[in-house]
Number of protein chains: 2
Amino acid sequence: VSDPRPIGVFDSGVGGLTVLSEIVRRLPAESTVYLGDNERAPYGTRPDDEVVAFSTQSIDELVARDVKAVVVACNTSTAVALGHLRRRYDLPILGVVRPGASAAALATRNRRVGVIATPATVRSHAYFNAIKEENPAVEVYEHATPAFVPMVEAGRLSGPQVAVTVAEELAPLLGERDAAGEFVFPLPPSARIDTLLLGCTHYPLLRPVLATAVGERVAIVDSATATASALAELLSVNGLEAPGSSRGTAADAGHDGHDRPVDQAGIPIHVQLTTGDVDRFRSIAGRLFADAFTDVQGVELGAPVR
Amino acid sequence: VSDPRPIGVFDSGVGGLTVLSEIVRRLPAESTVYLGDNERAPYGTRPDDEVVAFSTQSIDELVARDVKAVVVACNTSTAVALGHLRRRYDLPILGVVRPGASAAALATRNRRVGVIATPATVRSHAYFNAIKEENPAVEVYEHATPAFVPMVEAGRLSGPQVAVTVAEELAPLLGERDAAGEFVFPLPPSARIDTLLLGCTHYPLLRPVLATAVGERVAIVDSATATASALAELLSVNGLEAPGSSRGTAADAGHDGHDRPVDQAGIPIHVQLTTGDVDRFRSIAGRLFADAFTDVQGVELGAPVR
């Protein structure tokens with residue numbers, strides 16, 4: 001059983017490219033179509049019905065391009081619209097929240113997990129609820145880090161100034177205020193998080209500087225990697241893997257008597273669509289992912305749907 | 001979208017009850033049918049074609065009982081037969097290896113993961129391969145701990161003697177031999193595992209004593225919990241959740257205008273089948289899980305299938 005159709009990846013902007021990047025790394029035989037609704041990003045400040053309508057329009061476009069599954073690589077859309085989207089479409093739709101939450105709940109030893117995300121995602125408590133659903137005994141500390149997305153989109157991923165900003169943003173999560181209102185480090189071990197969940201698709205690009213800031217005792221779990229893992233399992237269980245995906249399949253292909261090399265099972269194709277400015281998308285994508293995603297095309301979405 | 005049919009859980013024996021237990025904890029609205037092929041356990045010493053034939057017979061029985069999905073809670077069957085089973089049946093089939101491997105690959109910080117399992121599972125290198133598939137940069141140290149299964153089945157889960165046995169069995173994973181052949185502790189940090197994957201369904205019952213043995217710096221990841229998480233995601237994505245499963249669904253049900261309490265969405269039913277001795281199964285299940293799984297029935301499987 002195999003299915004050569006592409007995987008659709010949807011985000012309000014460029015942040016979902018970290019999820020795309022992990023999908024391509026984890027599932028190198030799969031083709032992908034990415035759609036960034038940059039024209040109307042960010043979604044975090046919009047009312048729920050707009051998020052649902054825009055997400056639906058975007059995924060209609062992916063479905064028109066014959067995707068076999070959709071990853072909603074947008075935390076806001078996952079938190080607000082996932083149930084609606086799953087009822088609307090016949091194909092498997094995966095969000096980014098639960099895979100990340102599940103991985104964090106499994107990774108913590110002391111049952112204290114910190115979650116950093118945009119203010120909108122923190123207000124939705126999507127990660128808090130998802131982690132509690134996995135294991136109610138886990139303490140979840142949510143913390144908004146609004147400075148990170150603009151910093152990442154500007155291509156500022158390392159260096160002393162970035163390290164200072166990251167340390168300042170993480171302070172409320174890693175320390176505690178004393179009587180004078182100053183943060184005190186370190187917390188006693190019993191109060192420390194041992195797992196930090198990156199609840200925003202931009203944040204994996206800051207992973208090295210985040211790792212330095214939190215120290216080696218804290219596991220960093222990112223939703224992008226966890227979602228790519230969950231997608232691999234989903235494709236496998238549902239018989240949707242591309243030809244030549246796993247070692248098993250590749251080995252089978254080599255023995256199918258047709259005498260064709262395994263690597264001709266299909267060269268994966270990756271297309272990126274944006275509702276916004278194509279040059280700006282290509283420039284940010286190039287800055288963050290070098291030459292990985294260069295087939296950027298403009299797209300106009302169909303009429304809003306009900 | 002919801003589906004009240006039960007989840008089928010298959011194991012060669014009683015070990016899969018840890019997976020069942022996690023499924024019931026994680027998905028309290030779901031009914032289950034467990035099948036333990038105790039008569040022919042363990043599978044680890046059998047040739048591949050027998051494992052495939054016995055697994056198929058067992059899952060045929062679960063399918064005849066109208067399950068909506070199957071969890072293969074048996075490491076040997078997952079390693080040997082999962083591909084075959086997925087091709088044979090139309091319904092989603094989940095194994096225990098990949099969810100555990102994925103969780104371990106996400107949990108490690110220093111990219112050193114230890115895997116403990118039965119000798120048969122270690123020989124199959126199923127976890128090694130699955131972790132490498134998640135992230136080839138992770139170093140995987142597989143180690144067979146043959147004393148654990150008999151100890152667990154005898155109900156010996158704690159106490160000083162169990163602690164000594166556990167420490168002895170883990171020694172090769174946690175220490176290293178010096179010139180005289182003695183194990184030296186501790187390893188330098190650069191050589192220590194920071195994540196221990198329990199690659200046998202019996203082992204979660206030893207989790208407290210294992211946690212003491214490895215120390216607080218090592219995350220313990222068990223396949224049972226990881227598989228229950230993956231199952232939750234799978235049911236959700238495929239629209240197979242039982243009525244009243246999630247908060248969202250329950251809240252909807254409360255507002256559907258039919259004025260019926262949410263808890264009448266259906267009381268889950270749990271049935272355990274064994275091909276072996278019913279009293280012995282009930283006795284072990286009772287020793288390990290108190291009164292959780294007491295509806296034990298004998299079953300005779302149909303003719304072997306090709």
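Order of the sequence lines sets the chain letters (A, B, ...), proteins ahead of strands, with each chain counted from 1.
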Could you tell me which non-hydrogen atom of [X] sits nearest to which non-hydrogen atom of [Y], and how far apart they are?
X: A:Ala103; Y: B:Leu106; answer: CB-CD1, 3.5 Å
X: B:Val237; Y: A:Arg86; answer: CG2-NH2, 3.2 Å
X: B:Arg26; Y: A:Arg98; answer: NH2-NH1, 3.7 Å

Other residues, nucleotides and ligands only: do more than 12 of their heavy atoms fall within 6.0 Å of CZ on A:Arg25?
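Yes.
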
Is it the case that atom CZ in B:Arg5 sees more than 12 heavy atoms from other parts of the structure closer than 6.0 Å?
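Above 12, so yes.
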
Among [options], which residue forms the greatest number of heavy-atom pairs with chain A at distances under 4.5 Å?
options: B:Leu82, B:Leu91, B:Thr108, B:Ile93; value: B:Ile93
options: B:Gly83, B:Gly239, B:Ala232; value: B:Ala232
options: B:Gly95, B:Ala219, B:Ala107; value: B:Ala219

Give me the contact list for residues 203-211 of chain B versus chain A, heavy atoms only, anything under 4.5 Å, ordered by residue number.
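No residue falls under the 4.5 Å cut-off.
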
Roughly how far, to the nearest 0.5 Å, is the CD atom of B:Glu134 from the OG1 atom of A:Thr225?
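Between A:Thr225 OG1 and B:Glu134 CD, I get 9.5 Å after rounding to 0.5 Å.
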
Rounded to the nearest 0.5 Å, what's the gap from CZ on A:Arg109 to CG on B:Leu196? Could you check?
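Taking CZ in A:Arg109 and CG in B:Leu196, the distance rounds to 12.5 Å.
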
Any idea which of A:Pro92, A:Ser102, A:Ser229, A:Ala69 has the most non-hydrogen atom pairs under 4.5 angstrom with chain B?
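The residue among A:Pro92, A:Ser102, A:Ser229, A:Ala69 with the greatest pair count is A:Ser229.
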
Which bit of B:Thr195 is near chain A, if near means a heavy-atom gap under 4.5 Å: side chain, backbone, both or neither?
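Contact with chain A: none, neither part.
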
Once ring-ring contact (aromatic ring centres under 6.0 Å, His included) is applied, do any residues pair with B:Tyr89, and if so which ones, sequence neighbours excluded?
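B:Tyr89 satisfies ring-ring contact (aromatic ring centres under 6.0 Å, His included) with no residue once adjacent residues are dropped.
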
Would you call B:Leu234 and A:Glu233 a side-chain contact if the rule is heavy atoms closer than 4.5 Å?
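The answer is no, as the side chains (C-beta and beyond) never meet within the 4.5 Å cut-off.
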
